[in-house]
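Here's the structure we're looking at; comments come further down.
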There are 2 protein chains.
Amino acid sequence: MSNDEFCEVQFINGRVVAEVRTRMLDDGLLLRVADIFKILGDPTRVRILHALSLREMCVCDLSALLEMSQSAVSHQLRILRNARLVKYRREGKVVYYSLADEHITKLIKVGVEHASE
Amino acid sequence: MSNDEFCEVQFINGRVVAEVRTRMLDDGLLLRVADIFKILGDPTRVRILHALSLREMCVCDLSALLEMSQSAVSHQLRILRNARLVKYRREGKVVYYSLADEHITKLIKVGVEHASE
DNA sequence: TGAACATATGAACAAATGCTCATATGAGCA
DNA sequence: TGCTCATATGAGCATTTGTTCATATGTTCA
């Protein structure tokens with residue numbers, strides 16, 4: 001696929017494009033990066049993750065804390081589970097969720113720093 | 001609004017919820033955090049930001065690099081502009097975009113680190 | 001075993017999103 | 001001024017997303 005299909009200009013150097021392309025990270029990797037950020041890009045999930053960074057919690061407590069239905073919280077927890085951002089343990093009828101690792105805390109932290117500017 | 005509306009359980013302590021609530025970051029802040037991550041949560045925008053972290057580029061070159069229409073790139077650049085993640089300068093007919101600051105580079109970097117696991 | 005409860009999940013639906021297409025804007029140049 | 005080109009933007013549309021509602025699953029306990 002030639003550049004001409006997208007850009008008909010001559011004087012804008014294709015060499016610049018080619019040079020940058022060699023230094024670009026793999027598209028698949030950048031896609032995974034976007035996937036992670038997409039998961040973090042929802043207020044409910046951010047609040048859940050932040051709450052879990054303070055303390056392990058069960059679904060019911062999270063639901064009360066966030067003032068959201070148990071179903072809504074559960075649906076979001078599934079998304080976080082599938083993305084391996086949280087882990088959980090069952091204790092009788094109650095399921096306790098916590099962050100999968102400190103990496104997540106760091107991600108949230110960097111986001112908070114940026115938002116606090 | 002009582003917890004009961006969302007959680008009828010007695011033995012799951014409301015004190016835990018109350019205690020965590022006092023330590024929770026402000027909801028408005030967490031909303032802004034989610035907003036930033038939402039913007040980073042799209043492959044096109046991540047690729048644009050990553051490219052700009054390597055070099056200042058014009059719309060046309062970005063379009064060629066990403067093999068996307070000029071219109072699509074321009075639309076995404078507007079979103080990035082509104083979020084103050086990129087800045088731009090005009091040079092004749094050409095508009096050059098670059099990252100607003102190194103904060104953005106750091107955000108992307110942390111995301112890449114996570115995705116590289 | 002059967003009732004009660006914490007959690008999970010499927011279907012449905014409204015809202016948000018990202019692209020395309022057509023067109024507008026704005027700058028350089030003949 | 002009129003033409004060309006780089007960029008911006010509005011409308012339309014298909015897809016994705018987050019919630020609710022209803023219901024299923026799985027565990028405890030009488």
Side-chain angles (χ1 to χ4, degrees), chain A residues 3-14 16-17 31 34-35 37-48 56-83 86-98, chain B residues 3-14 16-17 31 34-35 37-48 56-83 86-98:
Chain A
N3 290 348
D4 295 0
E5 189 172 337
F6 300 101
C7 178
E8 314 76 11
V9 183
Q10 282 75 30
F11 82 89
I12 292 179
N13 204 332
V16 167
V17 175
L31 186 63
D35 282 342
F37 283 136
K38 184 174 293 179
I39 289 174
L40 298 176
D42 173 78
T44 298
R45 289 192 290 268
V46 166
R47 295 202 299 156
I48 289 176
E56 174 192 67
M57 294 183 81
C58 68
V59 179
C60 191
D61 281 352
L62 274 172
S63 166
L65 174 67
L66 305 181
E67 298 183 355
M68 293 186 63
S69 73
Q70 174 267 318
S71 179
V73 172
S74 231
H75 275 296
Q76 297 306 331
L77 283 170
R78 181 166 58 144
I79 293 172
L80 295 173
R81 239 166 40 217
N82 289 343
V86 300
K87 59 179 193 272
Y88 60 98
R89 68 185 177 84
R90 177 153 223 140
E91 193 171 291
K93 285 178 294 188
V94 183
V95 177
Y96 288 96
Y97 281 85
S98 55
Chain B
N3 290 347
D4 295 0
E5 188 171 340
F6 301 101
C7 179
E8 312 78 11
V9 182
Q10 281 74 32
F11 82 90
I12 292 180
N13 205 333
V16 167
V17 174
L31 187 61
D35 282 342
F37 284 136
K38 184 175 294 180
I39 288 174
L40 297 176
D42 173 79
T44 298
R45 290 193 290 268
V46 166
R47 295 202 301 155
I48 289 175
E56 173 192 67
M57 294 183 82
C58 68
V59 179
C60 191
D61 281 353
L62 274 173
S63 166
L65 174 67
L66 305 182
E67 298 183 355
M68 293 187 63
S69 74
Q70 174 268 319
S71 179
V73 171
S74 232
H75 275 296
Q76 296 306 331
L77 282 171
R78 180 165 60 143
I79 292 171
L80 296 173
R81 239 166 40 217
N82 290 342
V86 300
K87 59 178 192 272
Y88 60 98
R89 68 184 177 84
R90 177 152 224 144
E91 193 172 291
K93 284 179 297 188
V94 183
V95 177
Y96 288 95
Y97 282 84
S98 55

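Below, chain A is the first sequence line, B the second, and so on; all start at residue 1.
The distance from atom CE of Met57(A) to atom C1' of dT7(C) is 15 Å, rounded to the nearest whole Å. Across the protein-nucleic acid pair, Lys38(A) atom NZ and dA16(C) atom P stand 17 Å apart, rounded to whole Å. A straight line from CZ of Phe37(A) to C1' of dT17(D) spans 20 Å, rounded to a whole angstrom. When rounded to the nearest whole Å, the span between CG of Leu40(B) and P of dT17(C) equals 14 Å. Spacing between atom CE of Met68(A) and atom P of dT7(C) amounts to 15 Å, rounded to whole angstrom units. The CG atom of Asp61(B) sits 17 Å away from the P atom of dC5(D) (whole-angstrom rounding). Summarising the geometry, the separation between CG on Asp42(A) and P on dT16(D) is reported as 17 Å, rounded to the nearest angstrom. Rounded to whole angstrom, the span from the OH atom of Tyr96(A) across to the P atom of dG26(D) amounts to 20 Å.
If you find the closest nucleotide of DNA chain D to Arg45(A) and to Arg90(A), the one lying nearer the 5' end belongs to Arg45(A). Each of Ile79(B) and Ser71(B) was matched to the nucleotide of DNA chain C holding its nearest heavy atom; the match closer to the 5' end belongs to Ile79(B).
For the pair Ser63(B) and Val73(B), the tightest heavy-atom approach, listed with the atom from each and the gap, is CA-CG2, 3.9 Å.
Counting only heavy atoms from C-beta outward, the side chains of Leu77(B) and Leu62(B) approach each other to under 4.5 Å. Side chains of Gln76(B) and Met68(B) form no contact here, defined as non-hydrogen atoms less than 4.5 Å apart.
In this structure dA30(C) sits in a base pair with dT1(D), meeting the Watson-Crick or G-U test at under 3.5 Å.
Taking side-chain N and O atoms only, Arg89(B) has no distance below 4.0 Å to OP1 or OP2 of dT7(D). Between Arg81(B) and dT9(D), a side-chain N or O to OP1/OP2 separation shorter than 4.0 Å is present. At dC5(C), none of the side-chain N or O atoms of Gln70(A) fall inside 4.0 Å of OP1 or OP2 (strictly under the cut-off). Checking the phosphate oxygens (OP1, OP2) of dC21(D), no side-chain nitrogen or oxygen of Ser69(A) falls inside 4.0 Å. Not one side-chain nitrogen or oxygen of Ser74(A) sits closer than 4.0 Å to the OP1 or OP2 atom of dT7(C).
In this structure, His75(A) does not count as stacked on the base of dT19(D) under the 5.5 Å centre distance and 30° plane angle limits.
Aromatic ring orientation, Tyr97(B) versus Tyr88(B): tilted (interplanar angle from 30° to 60°).
Of all nucleotides listed (dG10(D), dT20(C), dC5(C)), dC5(C) comes nearest to the side chain of Lys93(A). Side-chain proximity of Ala72(A) to dA8(D), dT20(D), dT7(C): nearest is dT20(D).
Here Tyr97(B) lies in heavy-atom contact (under 4.0 Å) with sugar-phosphate atoms only.
One N or O on the side chain of Arg90(A) and one on the backbone of Gly92(A) form a donor-acceptor pair closer than 3.5 Å.
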